[in-house]
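Since the model is a prediction, treat every value here as computed from it, not as a measurement. Numbers here are sequence positions counted from 1.
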Amino acid sequence: MKITRRAFTAAVASAIAAPLADIRIAKGADKVVRIGYQKYGTLVLLKGKGTLEKKLEAINYRVEWAEFPGGPQLLEALNAGAVDFGSTGETPPIFAQAANAPLVYIAHEPPAPRGEAILVPKDSPIKTVADLKGKKVAFNKGSNVHYLLVKALEEAGLIYEDVEPSFLAPADGRAAFERGAVDAWVIWDPFQAAAEVAVEARELRNGEGIVPNHQFYLGTNALVDNHARAVDVLIEAISEIDAWTKSDTATAAAELSPSVGIPEPILVKALERQSYGVSSLDDSVVAQQQAIADAFFKLKLIPKKVTVADAVRKHKA
């Protein structure tokens, strides 16, 4: 299954149309940091806490926020110049880099392999990943769970072509899962936690031992090259929200639940599986990303080889 740049763009165009309509793109407004975020992750927690705005205001910047259903859609917006900064899992940057997006890896969070999983209905006869052979599996194409599925199938002695992919964004995936239109759903938190709580979805396999599931912070070349101070302030704010959430998960969930729109019990469950401690990419993390890129090229899921190290932020001595 080969994905061209045109196909990559077309696949996400409809998904990003609504969010992009709400983004104000002020040409020449070089004191605005436009941040793309998803339903869950450190950035949505940072938005809910409201501390970033004050930090950026102190250096004469302001922030604009735009929500996206998944990492691929967010990075397509970044490629289109509609956002400057965002956070995704491991796989979306690989697809975006293969599509020549002007992205830069700025930082990452430690591994959180339990924060994504292959789910099946609680009464499903499917007991192991090997039982997925010939089954219909829903997941967001190009997202972190895309790689989880590849590696889980490999571990079970299957290949990617042994399952029937159903490419669905999280909300559509949940609907298909609940009505029995798919046999399994590969998804990340908080959608994972929500399905476990609301419909007692059963975890078939999470990422432990097969994928690290890093969260990456990415920006455009223009942001990193021309607004380095704003980037540093942004990472500093993320580090602070990380420390706060890690120190008291229950309080963080209670305080943020209304603003992020996630019920408190689900938020607690998801936050307990999240990792904390933002830092720059080291050689081992770059190597892990490169392994994903190489695997996807071998499977013909991306049209060309990519070199992850070429897109990592270079810090001045």
Side-chain angles (χ1 to χ4, degrees), residues 33 35-47 52 68 70-72 74-75 78 83-98 101-116 142-148 151 188-190 206-221 223-224 227-228 230-246 270-296 306-316:
V33 179
I35 300 176
Y37 67 98
Q38 299 179 54
K39 187 68 173 178
Y40 181 68
T42 305
L43 290 182
V44 76
L45 301 178
L46 181 60
K47 180 179 183 292
L52 178 62
F68 294 88
L74 192 160
L75 290 187
L78 184 144
V83 296
D84 308 302
F85 182 90
S87 176
T88 77
E90 301 155 324
T91 305
I94 302 297
F95 280 81
Q97 195 176 358
L103 65 84
V104 179
Y105 288 87
I106 295 171
H108 78 292
E109 302 280 359
R114 294 172 56 238
E116 60 177 353
S143 68
N144 57 333
V145 295
H146 199 152
Y147 188 57
L148 170 61
K151 296 302 289 183
W188 60 89
D189 276 327
N206 64 35
E208 288 185 302
I210 51 174
V211 296
N213 190 30
H214 287 292
Q215 180 181 187
F216 288 102
Y217 299 102
L218 305 125
T220 61
N221 288 324
L223 177 71
V224 172
H227 306 278
V231 172
D232 292 340
V233 168
L234 183 47
I235 297 302
E236 178 184 286
I238 290 169
S239 180
E240 290 176 0
I241 204 75
D242 263 3
W244 172 68
T245 307
K246 182 179 181 180
L271 288 175
E272 288 176 345
R273 293 193 288 225
Q274 189 170 325
S275 63
Y276 305 96
V278 63
S279 62
S280 301
L281 280 68
D282 60 22
D283 291 344
S284 66
V285 175
V286 173
Q288 289 170 348
Q289 276 296 95
Q290 190 62 53
I292 298 174
D294 293 344
F296 276 20
V306 301
T307 302
V308 172
D310 290 346
V312 175
R313 185 187 190 190
K314 308 297 191 296
H315 289 275
K316 296 180 180 179

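In terms of heavy-atom proximity, G86 sits nearest to L74 at CA-CD2, 3.9 Å. Nearest heavy-atom pair, P110 versus G277, reported as atom, atom and distance to 0.1 Å: CD-O, 3.5 Å. The two residues L103 and A311 make their nearest non-hydrogen contact at O-CB, 3.7 Å. Between T91 and I292, the shortest heavy-atom contact is OG1-CG2, 4.3 Å. Nearest heavy atom pair, residue T245 against residue I241, reads OG1-O, 2.8 Å. When all heavy atoms of Y147 and A295 are compared, the closest pair comes out as CE1-CB, 4.2 Å.
Between N213 and N144, some side-chain heavy-atom pair lies under the 4.5 Å cut-off. The shortest distance between side-chain heavy atoms of Y105 and V224 does not fall below 4.5 Å. L45 is not listed as a side-chain neighbour of D242, based on a closest heavy-atom distance of 4.5 Å or more. Within the 4.5 Å cutoff, the side chain of R273 has no heavy atoms near those of the N206 side chain. Side-chain atoms of L43 and I238, non-hydrogen and from C-beta on, do get closer than 4.5 Å to each other. Looking only at side-chain heavy atoms (C-beta outward), V33 and L52 stay at 4.5 Å or farther from each other. The side-chain heavy atoms of Q274 and Q215, taken from C-beta on, include a pair separated by under 4.5 Å.
Contacts of K151 classified as salt bridge (charged side-chain N to carboxylate O under 4.0 Å, His left out), with partners at least two apart in sequence or in another chain: E154. Contacts of H146 classified as ring pair (Phe, Tyr, Trp, His ring centres under 6.0 Å), with partners at least two apart in sequence or in another chain: F95, F139, Y160, F296. When the side chain to side chain donor-acceptor pair (under 3.5 Å) test is applied to Q97, no partner is found at least two apart in sequence or on another chain. Partners of D294 under the side chain to side chain donor-acceptor pair (under 3.5 Å) rule, at least two apart in sequence or in another chain, are Q290.
Interatomic distance, Q38 CD to F68 CZ, rounded to the nearest 0.5 Å: 9.5 Å. The structure places CG of L78 at 7.5 Å from CG of D84, a figure rounded to the nearest 0.5 Å. Note that CD1 of I235 and CD1 of I106 are 6.0 Å apart. Values are rounded to the nearest 0.5 Å. Atoms OG1 and OH, from T42 and Y217 in turn, are 3.0 Å apart once rounded to the nearest 0.5 Å. The CZ atom of R114 sits 11.5 Å away from the OG atom of S275 when rounded to the nearest 0.5 Å. Atom CZ in F85 sits 4.0 Å away from atom CG in L234 (nearest 0.5 Å).
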Please step through side-chain contact (heavy atoms from CB on, under 4.5 Å) for the pair V286 and Q289, ending with a clear verdict. CA-CA 5 Å; V286 173; Q289 276 296 95; 5.7 Å; no

For D189 and L271: C-alpha separation, side-chain torsions, deciding distance, then whether side-chain contact (heavy atoms from CB on, under 4.5 Å) applies.
CA-CA 9 Å; D189 276 327; L271 288 175; over 6 Å; no

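Screening residues 211-221 for salt bridge (Lys or Arg N to Asp or Glu O under 4.0 Å), with sequence neighbours left out, gives no hits. Residue pairs satisfying the side chain to side chain donor-acceptor pair (under 3.5 Å) criterion with at least one member in residues 278-287, sequence neighbours excluded, are listed as follows: S280-H315, D282-S284.
Looking only at distances, a side-chain donor or acceptor of E90 sits under 3.5 Å from a matching main-chain atom of H214. Between the K314 side chain and the V312 main chain, a donor and an acceptor come within less than 3.5 Å of each other.
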